[in-house]
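We use all heavy atoms of the structure for the numbers below, so side chains are in, but hydrogens, waters and symmetry mates are not.
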Amino acid sequence: MVINEKSPALFGQIEEMVEWLGSFGKSKSNGVTRQLYSNEWRCAQQALEKRMKKIGLDVYFDDVGNLFGRLTGSQEDSTTILTGSHIDTVIDGGKYDGAYGVIAGMIAMQYLFEYYGVPKKNIEVVSLCEEEGSRFPMTYWGSGNITGVRTMEDVRNLVDLQDTSFIKAMHESGFGQGEYRQPKRDDIDCFVELHIEQGEVLEREEKSIGIVSHIVGQRRYEITVIGESNHAGTTPMAWRKDALYVASGLIQLLIQKARETNSDLVATVGQINLEPNIANVIPGKATFTIDIRHSEDDVIDRFSMGIFKEFQSITDSHNTELRIKNWMNEKPVKMCEKLIEISESILNKDQTPYKKMASGAGHDSQVFGSFCPTSLLFVPSHKGISHSPHEFTSTEDLEKGIRLLIKVLYELAY
């Protein structure tokens with residue numbers, strides 16, 4: 001398959017569409033705030049609906065607000081090749097995260113229909129309603145409903161920071177009341193997600209495309225060290241049960257061990273709280289979070305068990321109490337080998353430099369990856385900056401991603 005480099009369906013639209021979609025929820029700092037079921041979100045989905053119709057797609061919503069644009073295949077009872085990503089953002093986020101995958105899917109389908117006509121299998125681009133969890137404490141609401149791992153019961157009691165209930169926000173946006181088709185699907189053959197890397201590996205290694213082999217597993221813990229609050233001036237150093245002092249030692253050990261254990265394992269302490277948190281009182285309680293990620297679950301297991309054994313020894317030696325709470329345990333998700341081989345074959349033929357890599361961030365692909373054959377493809381992120389108004393990917397790199405997506409969809413559907 002040779003792509004017509006002069007096609008207006010491929011070139012000339014990308015920058016315009018990124019800026020256009022980024023205008024819905026644009027912030028003063030040139031970032032984007034487009035949270036689930038907000039007015040900005042609703043306007044963006046409605047604008048995408050119109051644009052999908054304009055390029056000749058059959059367009060529909062499901063009952064949670066996922067938006068689909070469809071090229072119906074010629075084969076009767078055909079399964080569906082699904083591509084796309086999410087349009088919700090974090091507060092003051094970037095204009096490429098998620099949105100690029102939706103835009104790329106639309107451009108790819110427009111190109112394929114223009115030059116190759118009706119596919120054999122159905123192709124759909126999806127603008128997933130939510131992935132980030134930035135408004136409500138719920139992630140992957142869009143892909144989770146399609147795959148059946150999320151239901152209305154999961155959000156029945158959720159509220160945002162303004163105390164607006166999830167259900168109320170959904171109803172005010174016109175969804176969740178049975179007016180649209182139910183989101184659960186059983187016709188999806190595979191899912192292909194094109195996304196910015198949100199890291200700097202590809203840019204540093206001068207690769208144009210990242211082919212994801214695994215999405216890493218994540219463990220999150222809340223660690224609490226309980227000591228004894230006491231007077232900062234009258235308690236001798238040798239008699240103290242300083243929870244912060246002990247916790248700081250645990251944190252140092254964690255980071256040191258993570259660096260020594262495995263080059264692909266990462267461990268992060270992102271939050272710490274003290275009680276009573278007063279300048280002239282010895283901390284009696286220190287609580288901090290740990291985020292551990294790797295593409296192999298047994299590596300996370302061994303690291304966690306080993307580090308917590310050492311934690312216990314240290315806290316015991318300081319006459320303090322240790323409490324460990326595991327509040328997230330997401331397994332690594334392997335991407336489809338067949339789809340990986342298709343992308344590798346295309347890139348090798350085109351002599352495009354690429355890297356096979358793990359994704360350290362979560363994506364909708366990890367939800368689809370346990371449901372159907374799934375491929376996650378990356379384009380570089382400048383300086384690895386993401387979830388920020390400074391998020392940026394060059395037009396050249398965006399175009400290379402879309403070229404690959406066009407050829408992958410052609411292989412799968414024509």
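No donor-acceptor pair closer than 3.5 Å links the side chain of S359 to the backbone N or O of I215. Looking at Q35, its side chain does come within 3.5 Å of a backbone N or O of S134 through a donor-acceptor pair. Side chain of Q198 to backbone of A361: no donor-acceptor contact under 3.5 angstrom is found. For R240 (side chain) and T235 (main-chain N/O), a donor-acceptor pair under 3.5 Å exists by modelled atom type. A donor-acceptor pair under 3.5 Å is formed between the side chain of W41 and the backbone N or O of C129. Looking only at distances, no side-chain donor or acceptor of T320 sits under 3.5 Å from a matching main-chain atom of G227. With R135 contributing its side chain and L36 its backbone, the two residues share a donor-acceptor pair below 3.5 Å. A distance-only check finds no donor-acceptor pair linking the side chain of S365 to the backbone of L376 [under 3.5 Å]. Proximity of a side-chain donor or acceptor of E130 to a complementary backbone N or O of Y140 within less than 3.5 Å is detected. Between the side chain of E411 and the main chain of V408, no donor-acceptor pair closer than 3.5 Å is present.
Minimum interatomic distance between S381 and I196 (heavy atoms only, all atoms of both residues): OG-CB, 3.6 Å. Considering every non-hydrogen atom in both A44 and L21, the closest pair reads CB-CD1, 4.2 Å. What you find for F368 and I146 is that their closest heavy atoms are CE2-CG2, 3.9 Å. Here the closest heavy-atom approach between residue K53 and residue V59 is recorded as CG-CG2, 3.5 Å. Summarising the geometry of G73 relative to N122, their closest heavy-atom pair is N-OD1, 2.7 Å, with the distance given to 0.1 Å. Residues A243 and K285 come closest through the heavy atom pair CB-N, 3.6 Å.
The line from CG of L67 to CG of L128 is 10.0 Å long, rounded to the nearest 0.5 Å. L412 contributes atom CG, which lies 6.0 Å from atom CG of L339 (distance to the nearest 0.5 angstrom). The distance from atom CD of Q366 to atom CG of D364, rounded to the nearest 0.5 Å, is 8.5 Å. Rounding to the nearest 0.5 angstrom, the gap separating the CD atom in E321 from the OG1 atom in T315 is 9.0 Å. Note that CG of L404 is 4.5 Å distant from OG of S343, once rounded to the nearest 0.5 Å. Annotation: the span from D92 atom CG to K28 atom NZ amounts to 11.5 Å, rounded to 0.5 Å.
Using cut-offs of 30° and 60° for the angle between ring planes, the Y60 and F68 rings count as parallel. Ring geometry for F166 against F136 counts as tilted: the plane angle lies between 30° and 60°, on a 0 to 90° scale.
The closest side-chain heavy-atom distance from F61 to E179 is not below 4.5 Å. By the 4.5 Å heavy-atom criterion applied to side chains, I272 and L244 are counted as neighbours. Side-chain contact between I282 and S229 is absent, with no heavy atoms from C-beta onward closer than 4.5 Å. The side-chain heavy atoms of L377 and I211, taken from C-beta on, include a pair separated by under 4.5 Å. F378 is not listed as a side-chain neighbour of V201, based on a closest heavy-atom distance of 4.5 Å or more. R51 places a side-chain heavy atom less than 4.5 Å from the side chain of M17. Counting heavy atoms from C-beta outward, V216 and V266 have side chains that stay 4.5 Å or more apart. Taking 4.5 Å as the limit, some side-chain heavy atom of I81 sits within range of a side-chain heavy atom of C190.
Residue-environment remark: NZ (K26) stays at or below the threshold of 12 foreign heavy atoms within 6.0 Å. Atom NZ of K54 has 12 or fewer heavy atoms from other residues, nucleotides or ligands within 6.0 Å. More than 12 heavy atoms of other residues, nucleotides or ligands shown are found within 6.0 angstrom of NE2 on H171. The number of heavy-atom neighbours closer than 6.0 Å to CG of D298, taken from other residues, nucleotides and ligands shown, is above 12. Remark: E205 CD is packed, more than 12 non-hydrogen atoms of other residues, nucleotides or ligands lying under 6.0 Å away.
Residues H382 and Y96 place their aromatic rings such that the two centres sit no closer than 6.0 Å. Residues Y414 and Y410 bring their aromatic ring centres within 6.0 Å. The distance between the ring centers of H318 and Y245 falls below 6.0 angstrom. For Y221 and F308, the distance between ring centers is under 6.0 angstrom.
Checked for salt-bridge contact, E19 and K95 meet the test: a charged N lies under 4.0 Å from a carboxylate O. Looking at R156 and E153, a side-chain N of the basic residue comes within less than 4.0 Å of a carboxylate O on the acidic one, giving a salt bridge. Between R185 and E124 there is a salt bridge, since at least one side-chain N of the basic residue sits less than 4.0 Å from a carboxylate O of the acidic one. With respect to the salt-bridge test (charged N to carboxylate O, under 4.0 angstrom), the residues R181 and D62 do not qualify.
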Decide side chain to side chain contact (heavy atoms under 4.5 Å, CB included) for F113 and V118; before the verdict, give the C-alpha distance in whole Å, the side-chain angles of both, and the deciding distance to 0.1 Å.
-> CA-CA 6 Å; F113 186 66; V118 175; 4.1 Å; yes

What's the verdict on side chain to side chain contact (heavy atoms under 4.5 Å, CB included) for Q13 and M106, showing C-alpha distance, side-chain angles and the deciding distance?
-> CA-CA 11 Å; Q13 291 192 69; M106 291 170 64; over 6 Å; no

Side chain to side chain contact (heavy atoms under 4.5 Å, CB included) between F311 and V225, intermediate numbers included | CA-CA 10 Å; F311 276 16; V225 178; over 6 Å; no

Checking side chain to side chain contact (heavy atoms under 4.5 Å, CB included) for the pair E197/T393: CA distance, chi angles, key distance, verdict?
-> CA-CA 9 Å; E197 182 194 349; T393 298; over 6 Å; no

Can you check salt bridge (Lys or Arg N to Asp or Glu O under 4.0 Å) on D297 and R219, steps first, answer last?
-> CA-CA 10 Å; D297 209 37; R219 299 274 180 89; 3.4 Å; yes

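Counting only N and O atoms by type, the side chains of T289 and Q271 include no donor and acceptor under 3.5 Å apart. For the residue pair E193/S85, the side-chain donor-acceptor check at 3.5 Å is satisfied. Between the side chains of E296 and H214, no donor N or O sits under 3.5 Å from an acceptor N or O. A donor-acceptor pair shorter than 3.5 Å can be found between the side chains of N262 and H294. For the residue pair H195/D97, the side-chain donor-acceptor check at 3.5 Å is satisfied. Side chains of E260 and Q256: a donor-acceptor N/O pair is present below 3.5 angstrom, by distance only. Between the side chains of E40 and T33, not a single donor N or O lies within less than 3.5 Å of an accepting N or O. Of the N and O atoms on the side chains of Y37 and E172, not one donor lies less than 3.5 Å from an acceptor on the other residue. For the residue pair D264 / S295, no side-chain donor-acceptor distance below 3.5 Å is found, with atom types taken as modelled.
Screening L57, L71, I55 for a side-chain contact (heavy atoms from CB on, under 4.5 Å) with Q110, the sole residue that qualifies is I55.
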